[in-house]
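See structure below.
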Amino acid sequence: MDMLWSGWGDPAEAKPLPDTVIGLLRDLLGVKPRESGPVALEDVTVPAPEWEPAAHRALVAAVGGEEHVRTDPQTRIRHTRGKSTPDLLRIRAGDVTDVPAAVVLPAGHDEVLAVLGACAEHGLAVVPFGGGTSVVGGLAPERRGPFVALDLRRMDGLLALDPVSRTATLQPGLRAPRAEALLAEHGFTLGHFPQSYEWATVGGFAATRSSGQASAGYGRFDEMVLALTLATPRGTLDTGRAPRSAAGPDLRQLILGSEGAFGVITSVTVRIRPVPRVRVHEGWRFASFEEGTAALRRLAQDGPRPTVLRLSDETETLIGLARPDAIGSGVRESSAGCTAVAGYEGTEEDTAYRRERAAAVLRACGGTPLGEEPGRHWAEGRYSAPYLRDALLDAGAFVETLETATFWSRVPGLYAAVRDALTGTLTGAGTPPLVMCHISHVYENGASLYFTVVSAQGEDAVAHWTRAKHAANEAILAAGGTISHHHGVGTDHRDWYLREAGPLGADALRAVKRRLDPDGVLSPGVLLPAD
């Protein structure tokens, strides 16, 4: 099933906002109802592909049939841009200026190589397309002329599983739920559960250095990857012969996070773990974000580390964003303090042991146990936030997210700097936005901060957000944060990423790009400026 073209996920899962929440939006933010809904799919006008017939014939030959090169309007619309709020606002208005000329569906590594060769020969840009969940402009190339979306959905198999070494080799178009189902048949799990889990793909996880919500226990996706195969216009790059190596720089790290700018990932070998016997989540309350942050740091540094560990600030706790089905409940109930969620997975013995010891640490740090209900509600609704965003857009509100990470000592300064930048830029007509934040991932040396912003849409919501996003990006770099922790670079973060990498680092990346993609056909403008 395809994702909703003008929103997130399965349309059957979308729910309208209750009247109480619409009232809160009106009273708190001055949100006004939209005069009209999104344009209908059949009313979107898509221009015919502007390319030579020879290019079409070459692509058909590369993938073995006309049925695997799709040029119909609906397929092309469904592969236009990603799922950031600006992306959705533009597509809802019928803006298809970034529509691909065709959607090409290869069945394997050799066909990907053939497609890249055909595109280089005919001057077509190529954008790898997995689940279409990018929120940083990773699916709209900055290039004049036609481009093709390389949809990897036919490459969706479990190629190999080694139960002795506990490794699995997966194809890039495999969506996360299907990957978990295939591994579960053998008693294993990947343990990677980002918010995009229901729609994102294995190749996308690797290409963007994804980090799942259970990263405290399972690690980030880039920590799971043991080997990669990359198809480039210059040929094949194979990496990873052992779990660790001292044989020069690790080329896997060059591919991880490259977002299709250097090549197309065609297989990923990952480490896997036995399916846990027990999964339990619980809630904790702290008097302040500062107090809760100190508690999370202590667990991350000294243990025992839960599998899931996250903390909502006072505003996010008040609004109830950690529980999308009860949004606004905190305002009505005058909730105070901050809510943390701790989750544990594993054997019964190990889970009970870590949970008991972690509870002692959390209590010693000022935490009050809330029982399993808050944790259960979070776990049940953790993939619902994008649907909530669609409902908020329908109601006339603007909602978007951004994330960053830094060392523990810099967390307070980074938190304040980004909040101030967003609030100062988005405050209009005397009505400041709601700026919420949670610690989404923890490490021994630092943590990720994930911000959610809600405001009135105004006359030009995209332009208003662009100014706010730029201000937040500047604040992130000035406060010592990284421009992205797990959303990736795309085009939205590119200019700040290059500043973070530094002039020499940027030159090194350009040299790699020129060597692997001399004609510049791969994702132009993503990660690096287009030539």
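Here the structure is a predicted model, which is why all the values come from computation and not from measurement. Side chains are part of it too, since the values below use all heavy atoms of this structure and drop only hydrogens, waters and symmetry mates. Numbering starts at 1 and runs along the sequence shown.
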Run the side-chain hydrogen bond (donor to acceptor under 3.5 Å, both in side chains) check on Glu500 and Thr482 step by step: do they pass? CA-CA 7 Å; Glu500 184 176 325; Thr482 180; 2.8 Å; yes
Using the salt bridge (Lys or Arg N to Asp or Glu O under 4.0 Å) criterion, which residues pair with [X]? Sequence neighbours excluded.
{"X": "Arg271", "answer": "none"}
{"X": "Asp507", "answer": "Arg510"}
{"X": "Asp222", "answer": "Arg209, Arg220"}

Taking the side chain as every heavy atom from C-beta outward, state whether [X] and [Y] have any atom pair closer than 4.5 Å.
{"X": "Leu311", "Y": "Phe289", "answer": "yes"}
{"X": "Glu316", "Y": "Asp313", "answer": "yes"}
{"X": "Leu161", "Y": "Ile272", "answer": "yes"}
{"X": "Pro100", "Y": "Val148", "answer": "no"}
{"X": "Gln195", "Y": "Gln213", "answer": "yes"}
{"X": "Leu449", "Y": "Leu414", "answer": "yes"}
{"X": "Lys83", "Y": "Leu88", "answer": "yes"}
{"X": "Asp302", "Y": "Val361", "answer": "no"}

[X] atom [atom1], neighbour heavy-atom count above 12 within 6.0 Å:
{"X": "Gln253", "atom1": "CD", "result": "yes"}
{"X": "Glu290", "atom1": "CD", "result": "no"}
{"X": "Arg273", "atom1": "CZ", "result": "yes"}

Pairs where residues 486-498 contributes a residue and the test salt bridge (charged side-chain N to carboxylate O under 4.0 Å, His left out) is met, not counting sequence neighbours: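 Sorted result for residues 486-498: Glu142-Arg494.
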Between [X] and [Y], is there a donor-acceptor pair closer than 3.5 Å when you use the side chain of the first and the backbone of the second?
{"X": "Glu180", "Y": "Leu190", "result": "yes"}
{"X": "Arg90", "Y": "Asp95", "result": "no"}
{"X": "Arg310", "Y": "Val341", "result": "no"}
{"X": "His493", "Y": "Gly488", "result": "yes"}
{"X": "Gln301", "Y": "Glu444", "result": "yes"}
{"X": "Asp98", "Y": "Arg81", "result": "no"}
{"X": "Thr491", "Y": "Gly137", "result": "yes"}
{"X": "Thr169", "Y": "Leu159", "result": "no"}
{"X": "Arg419", "Y": "Val435", "result": "yes"}
{"X": "Ser245", "Y": "Ala247", "result": "yes"}

Of all heavy-atom pairs between [X] and [Y], which one has the smallest distance, and what is that distance?
{"X": "Pro432", "Y": "Thr423", "answer": "CB-CG2, 4.4 Å"}
{"X": "Val454", "Y": "Val399", "answer": "CG2-CG2, 3.8 Å"}
{"X": "Val127", "Y": "Ser523", "answer": "CA-OG, 4.0 Å"}
{"X": "Arg410", "Y": "Ala479", "answer": "CD-O, 4.1 Å"}
{"X": "Leu422", "Y": "Ala472", "answer": "CD2-CB, 3.9 Å"}
{"X": "Val521", "Y": "Cys119", "answer": "CG1-O, 4.2 Å"}

Show the numbers, then the answer: is there a side chain to side chain contact (heavy atoms under 4.5 Å, CB included) between Gln171 and Ser267? CA-CA 5 Å; Gln171 288 187 299; Ser267 71; 5.6 Å; no
Atom pair [atom1]/[atom2] of [X] and [Y] - distance to nearest 0.5 Å:
{"X": "Trp8", "Y": "Arg389", "atom1": "CH2", "atom2": "CZ", "answer": "7.5 Å"}
{"X": "Leu116", "Y": "Asp517", "atom1": "CG", "atom2": "CG", "answer": "8.5 Å"}
{"X": "Leu174", "Y": "Leu182", "atom1": "CG", "atom2": "CG", "answer": "6.0 Å"}
{"X": "Ile255", "Y": "Thr239", "atom1": "CD1", "atom2": "OG1", "answer": "4.5 Å"}
{"X": "Ser258", "Y": "Leu509", "atom1": "OG", "atom2": "CG", "answer": "10.0 Å"}
{"X": "His464", "Y": "Glu459", "atom1": "NE2", "atom2": "CD", "answer": "11.0 Å"}

In short, ring pair (Phe, Tyr, Trp, His ring centres under 6.0 Å) pairs touching residues 201-227 with sequence neighbours left out are His192-Phe205, His192-Phe221, Phe205-Phe221
Please tell me whether Ser440 and Ser448 have a donor and an acceptor in their side chains that are separated by less than 3.5 angstrom.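 The answer is yes; a qualifying pair exists.
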Between His109 and Thr236, is there a side-chain donor-acceptor contact under 3.5 Å, judged purely by atom types and distance? yes
Using the six-membered ring wherever Trp is involved, compare the ring planes of Tyr450 and His438 and label them parallel, tilted or perpendicular (cut-offs 30° and 60°).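 Judged by the thresholds at 30° and 60°, the geometry between Tyr450 and His438 is parallel.
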Could you label the plane-to-plane angle of the His485 and Tyr443 rings as parallel, tilted or perpendicular, counting under 30° as parallel and over 60° as perpendicular? tilted
How would you list, by chain and number, every residue that makes a side chain to side chain donor-acceptor pair (under 3.5 Å) with Asp2, sequence neighbours excluded?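 Scan of Asp2 (side chain to side chain donor-acceptor pair (under 3.5 Å), adjacent residues dropped) gives Arg153.
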As a quick check of understanding, evaluate side chain to side chain contact (heavy atoms under 4.5 Å, CB included) for Leu59 and Val115, giving each step before the final call. CA-CA 6 Å; Leu59 291 173; Val115 170; 4.0 Å; yes
Could you go through Val442 and Trp408, starting from their C-alpha distance and side-chain angles, then the distance that decides it, and tell me whether this counts as side chain to side chain contact (heavy atoms under 4.5 Å, CB included)? CA-CA 9 Å; Val442 298; Trp408 285 112; 4.1 Å; yes
I would like to know whether Arg252 and Leu226 meet side chain to side chain contact (heavy atoms under 4.5 Å, CB included); could you show each step before the answer? CA-CA 8 Å; Arg252 289 173 295 188; Leu226 302 172; 4.2 Å; yes
